[in-house]
Visitor: 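After the C-alpha cells below, expect a handful of questions from me.
What you see is a predicted model; the values in this text were computed from it and never measured.
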Amino acid sequence: MIKIAMIRHGKTYGNTLGRYIGVTDEPLCEEGKKELEQRTMDTVELLFVSPLKRCLETADILYPYAKQVKIPEFAECNFGEFENKNYQELSQSKAYQAWIDSNGTLPFPNGESQESFRKRSTTGFKRCIEQCLKEEINEVAFVVHGGTIMSVLSSLATKEKDYFCWQVKNAEGFLVEVTKEEWENTRKVTVIKEINGKE
C-alpha cells in the first residue's frame, strides 16, 4: 500500500490577489511561509515536487528532511494571455468570457488546454507511482499546484468527480492510497480524506 499526501503549495503574492499564477515562477509570500511553518506533516520516504519555486519552498518547510525529486510534468498550467491577471483585470476580455462560458474547457489563449495539462500531469504521476512500486516505497508526498491535483484526481480517482470539484486552497490537499493490485488492475487511486491543517 502506498500512502500519498498530495499538497498544494503555500500562498504567493499573486495568490493573495486571486491572479492566475501558472508559469510565473513566484516564491512564497511571508504570509504563506508563516502558515506552512505552523503545520506538522506525517513523515514520508520520498517527496515529488513541481520544479517551480513556490513548490520547492513549500517542500523545504513541510518536509525539510526529505529527498526531493523534481517532476517537470508537475509544473502548473500555462495560462497564456490570462497569466498573472485576476478576474477583475480580465472582466472586459471577450476571450476570458468565452473561456468562462466553456466551463474552463477552452484552451487558454496562447497557453495550454485543460486536456493537454491533464495528460501531462497524469503522465508524471503514473511514472512516480511506478517508481514507488518498484522501490517498495510506502509513504510519499507530492508538493504541487492546485491544477496538478485537479488534473490527476479528475483522471485517476476511483470516485469520479469533475475537474473543478477537486479544487483545494493553498497548503491543503488530499490523502490518497493505492495498492499494487489496484494500480495494476485499474490505474486508479482512492482518495481517503482532505488534508486541511485542521486535523
Visitor: Looking at Ala75 and Phe117, what are the two nearest heavy atoms and their distance?
Guide: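 Ala75 and Phe117 have their closest heavy atoms at O-CE1, 3.6 Å.
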Visitor: Are there over 12 heavy-atom neighbours, none belonging to Glu136, within less than 6.0 Å of that residue's CD?
Guide: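 Atom CD in Glu136 is not packed in, count stays at 12 or less.
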Visitor: Within a 6.0 Å radius of atom CD on Gln131, are there more than 12 heavy atoms belonging to other residues, nucleotides or ligands?
Guide: yes
Visitor: Hey, mind stepping through Leu175 and Val191 against side-chain contact (heavy atoms from CB on, under 4.5 Å) and telling me if it holds?
Guide: CA-CA 6 Å; Leu175 179 65; Val191 177; over 6 Å; no
Visitor: Starting from Met1, walk the hydrophobic network (Ile, Leu, Val, Met, Phe, Trp, Tyr; side-chain heavy atoms closer than 4.5 Å) and list everyone else you reach, by chain and number.
Guide: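 Taking Ile, Leu, Val, Met, Phe, Trp and Tyr as members, Met1 stands alone, with no cluster partners.
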Visitor: Which heavy-atom pair separates Phe164 from Asn103 by the least distance, and what is that distance?
Guide: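 Shortest heavy-atom separation between Phe164 and Asn103 comes out as CE1-O, 3.2 Å.
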Visitor: Charged N to carboxylate O below 4.0 Å: is that the case for Lys11 and Glu31?
Guide: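 Here Lys11 pairs with Glu31 in a salt bridge, since their nearest N and O are under 4.0 Å apart.
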Visitor: Can you tell me if Thr105 uses its side chain to pair, donor with acceptor, with the backbone of Ser102 under 3.5 Å?
Guide: yes
Visitor: What do you reckon, is CD of Glu37 surrounded by more than 12 foreign heavy atoms closer than 6.0 Å?
Guide: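 It does: Glu37 CD has more than 12 such atoms within range.
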Visitor: What are the two closest non-hydrogen atoms of Cys132 and Ile2, and how far apart are they?
Guide: CB-CD1, 3.7 Å
Visitor: Between Glu83 and Arg19, is there a salt bridge with N-O shorter than 4.0 Å?
Guide: no
Visitor: Between the side chains of Glu30 and Lys33, is the shortest nitrogen-to-carboxylate-oxygen separation below 4.0 Å, so that they form an ion pair?
Guide: yes
Visitor: Just wondering, are more than 12 heavy atoms of other shown residues or ligands nearer than 6.0 Å to CG in Asp42?
Guide: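 For Asp42, atom CG is not crowded (no more than 12 foreign heavy atoms under 6.0 Å).
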Visitor: Please report the C-alpha distance between Lys169 and Glu35 in whole Å, then the side-chain angles of each, then the deciding distance to 0.1 Å, and finally whether the salt bridge (Lys or Arg N to Asp or Glu O under 4.0 Å) criterion is met.
Guide: CA-CA 12 Å; Lys169 294 176 183 174; Glu35 286 174 353; over 6 Å; no
Visitor: For Phe79, give me all partners under ring pair (Phe, Tyr, Trp, His ring centres under 6.0 Å), at least two apart in sequence or on another chain.
Guide: Tyr20, Phe108
Visitor: Return yes if a side-chain donor-acceptor contact under 3.5 Å exists between Thr190 and Glu182, otherwise no.
Guide: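 Present: a donor and an acceptor within the cut-off.
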Visitor: Does Ser151 form a side-chain hydrogen bond (donor to acceptor under 3.5 Å, both in side chains) with Thr148? I'd like the steps, not just the answer.
Guide: CA-CA 5 Å; Ser151 292; Thr148 315; over 6 Å; no
Visitor: Run the side-chain hydrogen bond (donor to acceptor under 3.5 Å, both in side chains) check on Glu81 and Asn110 step by step: do they pass?
Guide: CA-CA 6 Å; Glu81 291 173 18; Asn110 295 316; 2.5 Å; yes
Visitor: Using a 4.5 Å cut-off on heavy atoms from C-beta on, say whether the side chain of Ser121 contacts that of Val152.
Guide: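 In short, these two side chains touch, coming nearer than 4.5 Å.
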Visitor: Check for a donor-acceptor pair, side chain of Glu89 on one end and backbone N or O of Asn86 on the other, with a separation under 3.5 Å.
Guide: yes
Visitor: So does Glu181 have more than 12 non-hydrogen atoms from other groups sitting under 6.0 Å from CD?
Guide: no
Visitor: Are more than 12 heavy atoms, taken from residues, nucleotides or ligands other than Tyr163, located less than 6.0 Å from that residue's OH atom?
Guide: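 Atom OH in Tyr163 is packed in, count exceeds 12.
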Visitor: Contact between Met6 and Val143 at the side-chain level, heavy atoms closer than 4.5 Å - yes or no?
Guide: no
Visitor: Count the heavy atoms belonging to other residues, nucleotides or ligands that lie under 6.0 Å from CD of Glu115, then report whether that count exceeds 12.
Guide: no
Visitor: Could you list the donor-acceptor pairs under 3.5 angstrom formed between side-chain atoms of residues 44-64 and any protein atom two or more places apart in sequence or on another chain?
Guide:
residue, atom, partner, partner atom, Å
Glu45, OE2, Asn138, N, 3.0
Glu45, OE2, Glu139, N, 3.0
Ser50, OG, Leu52, N, 3.2
Ser50, OG, His145, NE2, 2.7
Arg54, NE, His9, NE2, 3.4
Arg54, NH1, Thr24, O, 2.7
Arg54, NH2, Ile21, O, 3.1
Arg54, NH2, Gly22, O, 2.8
Glu57, OE1, Leu28, N, 2.9
Thr58, OG1, Gly10, N, 3.0
Thr58, OG1, Arg54, O, 2.6
Asp60, OD1, Gln68, NE2, 2.8

Visitor: Is it true that atom NZ of Lys34 has more than 12 heavy atoms of other residues, nucleotides or ligands lying nearer than 6.0 Å?
Guide: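 Check fails, neighbour count at 12 or below.
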Visitor: Testing the basics here: between Gln114 and Gly104, what is the closest heavy-atom pair and its distance to 0.1 Å?
Guide: NE2-O, 3.0 Å
Visitor: Tell me, do Thr43 and Tyr65 make a side-chain contact under 4.5 Å, heavy atoms counted?
Guide: yes
Visitor: Is Lys161 positioned over the aromatic face of Trp166, cation under 6.0 angstrom from the ring centre and no more than 45 degrees off axis?
Guide: yes
Visitor: Kindly indicate whether the side chain of Lys193, heavy atoms from C-beta on, has any atom under 4.5 Å from the side chain of Phe174.
Guide: no
Visitor: Identify whether the distance between the nearest side-chain nitrogen and carboxylate oxygen of Glu112 and Lys119 falls below 4.0 Å.
Guide: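 A salt bridge is absent here (no side-chain N lies under 4.0 Å from a carboxylate O).
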Visitor: Kindly indicate whether the side chain of Glu172, heavy atoms from C-beta on, has any atom under 4.5 Å from the side chain of Ile195.
Guide: no
Visitor: For Asn15 versus Arg8, what's the shortest heavy-atom pair and its separation?
Guide: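 Closest approach of Asn15 to Arg8: ND2-NH2, 3.8 Å.
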Visitor: How about Phe74 and Cys128: do any of their side-chain heavy atoms sit closer than 4.5 Å?
Guide: yes
Visitor: State whether the side chain of Arg187 and the backbone N or O of Trp183 hold a donor-acceptor pair below 3.5 Å, judged by distance alone.
Guide: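 Flag set: sc Arg187 to bb Trp183 pair under 3.5 Å.
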Visitor: Please find the pair of heavy atoms, one from Leu36 and one from Ala171, that lie closest to each other, and give the distance.
Guide: CD2-CB, 3.7 Å
Visitor: Just so I know, are the side chains of Met150 and Val168 near enough to count as touching, which here means a heavy-atom distance under 4.5 Å?
Guide: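 Side-chain contact under 4.5 Å: no.
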Visitor: Yes or no on side-chain contact (heavy atoms from CB on, under 4.5 Å) for Ile192 and Val176, after CA distance, side-chain angles and deciding distance?
Guide: CA-CA 6 Å; Ile192 304 302; Val176 176; over 6 Å; no
